[in-house]
Amino acid sequence: MLKLPVYLDYNATTPVDPRVLETMLPYFSEYFGNAASRTHAYGWEADEAVEYARSQAAQLVGAEVKELIFTSGATEAVNLAIKGVLEMYASKGNHVVTCATEHKAVLDTCKHAEKNGASVTYLPVNNEGLIDLQQLEAAITGETVLIAIMYANNETGVVQPIAEIGAIARRHGVLFFTDATQAVGKIPVDVNRDNIDILAFSAHKFYGPKGVGGLFVRRKNPRVKITAQLDGGGHERGIRSGTLNVPGIVGLGKACELCRLEMEEDSRQVRILRDKLEEALLQLPDTFLNGSPEQRLPHVCNISFSNVESSVLMMGFGKNIAVSSGSACTSATMEPSYVLKALGLSDEMAYSSLRFSLGRFTTEEQVNYAIDQVKQGISQLRIPLNH
Ligand SMILES: *Cc1c(COP(=O)(O)O)cnc(C)c1O
């Protein structure tokens, strides 16, 4: 029996992998020590587990163990990166180059920085959701301290030309930060290949627990320094004070290891299912794929169904399939997605879009069911009923 609703919203969050949960459990009550307790075995055990998780995470993104800082998630990591760089490099300049389709964690942090006197350039994207590298390079001034461009977009799955962006940043002596929350664990990410200086990620987007994530901060070529945003006990090399979430970090580490070992096979399988779903839905008339068909994650598709409002469509099958209309973070307010608008969609086409994001536990049966549900919903809405 198919469990309903069928979950096709893996970009909002993923279930914890049972193997991750199993690894975490002893750290709630058996090995419950504070990783900062240096005077007894409870603390040593917790610290050892944290350092093991740090090495698992470092391996996934090609970093050195000492270059990873644990945080409460990507939102905190993004705040720490942008605010921390602006503060640390204030004497060098106060200009940031980012992009219109970034997650709110980045955009709202940039807005906050602007209120405090920073200047921010928001690069546009083309109709495939990609930034223009020449425009990026032209936006850099003598005041620029940071380029903040996401690895992969949460709404469309579009993957930016990260290595090229990193090369431009390096050439101009500007730091490059990427919000890689949707990419880490899904596609190969390598901070050295891609010239990334700072990178944010979050465990709950790749089968780890919620409320734990991390920030990669490069330690050589160049050595990046960021100003702490929380004052306290000086944990995490003084960059992020606060008692570590040991079970969460252990889960993050295990989730990283599983992704590293299984990414290739996972993405091969999920791509087949995504393509099947996408091909079936794009056969419907007046249906369009949003974002680059090539430069994107293997498990996401964002589709507009013209003349059908996705919120109305979801009233039909909302109890049967769990998908997202636009970003999960903006769907509370009924605004058309700013990401899709940046790709040039009209309000109407943005309102008629659905994001399908599949994952490790998606089955062919679930995909077939979703195709049926969407087709039924569309035909009911598009063809006027005869009474
Ligand atoms: C989910 C997400 C975030 C926020 O991550 P949290 O760990 O939930 O704070 C930031 N950026 C992107 C691209 C995301 O998908």
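Counting begins at 1 with the first residue of the sequence. All heavy atoms count here, side chains included; hydrogens, waters and symmetry mates do not. One-based numbering, in listed order, for ligands and for the atoms of each.
- Taking the centre of each ring, Phe305 and Phe288 stay at or above the 6.0 Å mark.
- Under a cutoff of 6.0 Å and an axis angle of 45°, Arg240 and Phe70 do not form a cation-pi pair.
- Across Thr178, Val212, Asp179, heavy-atom proximity to atom 13 (C) of ligand 1 is greatest for Asp179.
- Remark: Lys104 is positioned above the aromatic ring of Tyr338, its terminal NZ or CZ atom under 6.0 angstrom from the ring centre and at most 45 degrees off the axis.
- Residue Gly73 has at least one heavy-atom neighbour below 4.0 Å for each of these atoms of ligand 1: 7 (O).
- For atom 4 (C) of ligand 1, the nearest non-hydrogen atom of the protein is Thr75 OG1, 3.5 Å.
- Of all atoms in ligand 1, listed by their number and element, those nearer than 4.0 Å to a heavy atom of His204 are 6 (P), 7 (O), 8 (O).
- Stacking of Lys111 on the aromatic ring of Tyr122 is recorded, both the 6.0 Å distance cut-off and the 45° axial limit being met.
- Not one N or O of Asn154 is nearer than 3.5 Å to an N or O of ligand 1, by distance alone.
- The neighbour count for Asn116 CG, taken as heavy atoms of other residues, nucleotides or ligands under 6.0 Å away, is above 12.
- Glu264 CD: 12 or fewer foreign heavy atoms inside a 6.0 Å radius.
- Ranking protein heavy atoms by distance to atom 2 (C) of ligand 1, first place goes to Lys205 NZ, 2.5 Å.
- Protein heavy atom nearest atom 7 (O) of ligand 1, with residue, atom name and distance: Ser202 OG, 2.6 Å.
- Annotation: atom 5 (O) of ligand 1 to nearest protein heavy atom, Ala74 CB, 3.2 Å.
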